[in-house]
Amino acid sequence: MTGYAARHTTPATAEEAVAVQGELRGRVVVADEAPPPGRPGTLVAGVDVAYDDARDTVAAAVVVLDGGTLEVVEEATAAGPVPFPYLPGLLAFRELPAALAALDRLRGVPDLVVCDGYGLAHPRRFGLASHLGVLTGLPSVGVAKNPFGFAHGPLDAERGARAALTDPATGEVAGAALRTRAGVKPVYVSVGHRVTLDAACAHVLRLARDVRQPETTRRADRLCRAALARAVAGA
DNA sequence: GCGACAG
DNA sequence: ATCTTGTCGC
């Protein structure tokens, strides 16, 4: 029991949520503090969440892989009521309670957490991955399937090709469009906490060998759907 | 006001 | 996120 869940409180309003992001934003650390990609024995965790709004249920799953072999080391899930509505830019408040609860059920402490969504590539530079990273203190990266409001130039068709994700308003680099599979739509990577963009991309490439999404995310996605089905069924 | 909008 | 089967293509 690491007690991560107790570090988060669900805001009563969207305005409060935005204020919380403003308070925590400054705690994000952009530095190369996670173990390098591929190191055996390293614990790389993937987190994902599934919903059944009609039944007011959310289920999260964390799957921990060995960074060297990508073999599953440990898994944990947590379910509960949906804490917050989905509002663009405030996704974290919808996913954090269950995600932190699942992390609390882990026996080991991850060396890196891969989140489904954004980190610094966020309207206020504080997406889900950064929020989770700051609250847990764990290195984290954000991997999204869509560029939200960000833009990027063309990138080569080869695996590993990368292009800067920039904020159309400020021109600031917020992340990277990263091609994990040749000729396939890229994923959008950004720094969560305690990693650099280069390290984040390197990890994602290592975790997505022959598939578009990191293996961590794929496994967590499958597990949280199963956990949701169980939660809704009753057990 | 209208559209866009991580999951 | 979620509603949803088969099907076209490498």
Side-chain angles (χ1 to χ4, degrees), chain A residues 8 10 14 17-18 20-21 24-25 28 46-62 77-100 102 113-134 140-152 157-159 165-169 172-178 180-193 197 200 204 210-214 216-229 231-232:
Chain A
H8 176 263
T10 297
V18 171
V20 169
Q21 295 181 323
L24 300 179
R25 177 171 47 194
V28 174
V47 181
D48 197 14
V49 176
Y51 305 88
D52 185 329
D53 288 283
R55 293 177 180 261
D56 188 34
T57 303
V58 53
V62 184
T77 64
V82 179
F84 206 78
Y86 171 68
L87 298 174
L90 298 178
L91 176 66
F93 297 93
R94 189 170 161 80
E95 312 218 328
L96 281 176
L100 294 174
V113 180
V114 179
C115 299
D116 202 355
Y118 288 139
L120 294 183
H122 174 274
R124 290 172 293 280
R125 295 292 178 279
F126 197 67
L128 169 64
S130 294
H131 202 146
L132 185 150
V134 165
S140 64
V141 306
V143 183
K145 307 176 204 63
N146 300 292
F148 206 158
F150 297 93
H152 66 79
E158 66 186 292
R159 166 181 153 79
L165 247 199
T166 59
D167 186 318
E172 183 177 6
V173 174
L178 179 68
T180 51
R181 289 198 68 180
V184 174
K185 176 178 178 172
V187 290
Y188 304 89
V189 181
S190 57
V191 168
H193 184 52
L197 184 56
V204 171
D210 305 300
V211 290
R212 181 166 95 109
Q213 291 273 323
T216 37
T217 300
R218 301 185 71 222
R219 286 229 150 79
D221 178 81
R222 180 182 66 63
L223 185 58
C224 72
R225 292 190 197 223
L228 177 65
V232 168

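Chain letters run A, B, ... following the sequence lines, proteins first, then strands; residues in each count from 1. For the numbers below, each heavy atom of this structure counts, side chains included, while hydrogens, waters and symmetry mates do not.
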Q. Checking side-chain contact (heavy atoms from CB on, under 4.5 Å) for the pair Ser140(A)/Val114(A): CA distance, chi angles, key distance, verdict?
A. CA-CA 6 Å; Ser140(A) 64; Val114(A) 179; over 6 Å; no

**Q.** Closest contact, heavy atoms only, Ala92(A) versus Pro97(A)
**A.** O-CD, 4.4 Å

Q) Can you name the residues that form a side chain to side chain donor-acceptor pair (under 3.5 Å) with Asp56(A), not counting sequence neighbours? A) none

Q.
Defining pairs by Watson-Crick or G-U wobble geometry with both distances under 3.5 Å, how would you list the stems of DNA chain C with at least three pairs each?
A. none

**Q.** Secondary-structure string, 5' to 3', Watson-Crick or G-U under 3.5 Å, | for another-strand partners, for DNA chain B
**A.** .......

**Q.** Whether His8(A) and His131(A) hold their rings parallel, tilted or perpendicular, with breakpoints at 30° and 60°
**A.** perpendicular

**Q.** Considering all heavy atoms, the nearest Val49(A)-Cys224(A) contact
**A.** C-SG, 3.7 Å

Q) Less than 4.5 Å apart, any side-chain heavy atom of Phe93(A) and any of Pro85(A)? A) no

Q. Do any of residues 48-60 of chain A sit with a heavy atom less than 4.0 Å from DNA chain C, and if so which?
A. Ala50(A), Tyr51(A)

**Q.** DNA chain B-proximal residues of residues 114-124 of chain A, any heavy atom under 4.0 Å
**A.** Asp116(A), Gly117(A), Tyr118(A), His122(A)

Q) With sequence neighbours left out, what residues match Asp116(A) under side chain to side chain donor-acceptor pair (under 3.5 Å)? A) Lys145(A)

Q.
Just to be sure I understand the rule, does Gly142(A) reach a base, reach only the sugar-phosphate, or reach nothing, if contact means heavy atoms closer than 4.0 Å?
A. nothing

Q: Taking heavy atoms of chain A and a 4.0 Å limit, find me the 5'-most and 3'-most nucleotide of DNA chain C within that range.
A: dA1(C) to dT2(C)

Q: Check whether any side-chain heavy atom of Leu91(A) lies under 4.5 Å from a side-chain heavy atom of Phe84(A), and answer yes or no.
A: no

Q) Under the side chain to side chain donor-acceptor pair (under 3.5 Å) test, which residues partner Arg124(A), sequence neighbours left out? A) Gln21(A)

**Q.** Minimal non-hydrogen separation, Ala98(A) against Ala78(A), with atom names
**A.** O-CB, 3.7 Å

Q) When we call it a touch if two heavy atoms are under 4.0 Å apart, what does Leu128(A) touch: a base, just sugar-phosphate, or nothing? A) base

Q: For residues Arg55(A) and Val232(A), report the shortest heavy-atom separation together with the two atoms involved.
A: CD-CG1, 3.0 Å

Q: Measure across Glu95(A) and Leu128(A) and return the closest heavy-atom pair with its distance rounded to 0.1 Å.
A: OE1-CD2, 3.5 Å

Q: Answer with base, sugar-phosphate or nothing: what part of the nucleic acid does Gly127(A) contact at a heavy-atom distance below 4.0 Å?
A: base

Q: Taking only Lys NZ, Arg NE, NH1 and NH2, and the carboxylate oxygens of Asp or Glu, determine whether Asp167(A) and Arg125(A) approach each other closer than 4.0 Å.
A: yes

Q: Name the first nucleotide and the last nucleotide along DNA chain B (5' to 3') that come under 4.0 Å of a heavy atom in chain A.
A: dC5(B) to dG7(B)

Q: List in chain and number order the residues that pass ring-ring contact (aromatic ring centres under 6.0 Å, His included) with Phe150(A), two or more places apart in sequence or in another chain; answer none if no residue qualifies.
A: none

**Q.** For Tyr51(A), all residues meeting ring-ring contact (aromatic ring centres under 6.0 Å, His included), sequence neighbours excluded
**A.** none

Q) Take atom CZ in Arg218(A); do more than 12 heavy atoms of anything else shown fall under 6.0 Å from it? A) no

Q: Check every strand shown and say whether Leu90(A) touches a base, only sugar-phosphate, or nothing at a heavy-atom separation below 4.0 Å.
A: base

Q | For Asp52(A), all residues meeting side chain to side chain donor-acceptor pair (under 3.5 Å), sequence neighbours excluded | A | none

**Q.** Shortest non-hydrogen separation from Leu223(A) to Val62(A) and the atoms involved
**A.** CD2-O, 4.2 Å

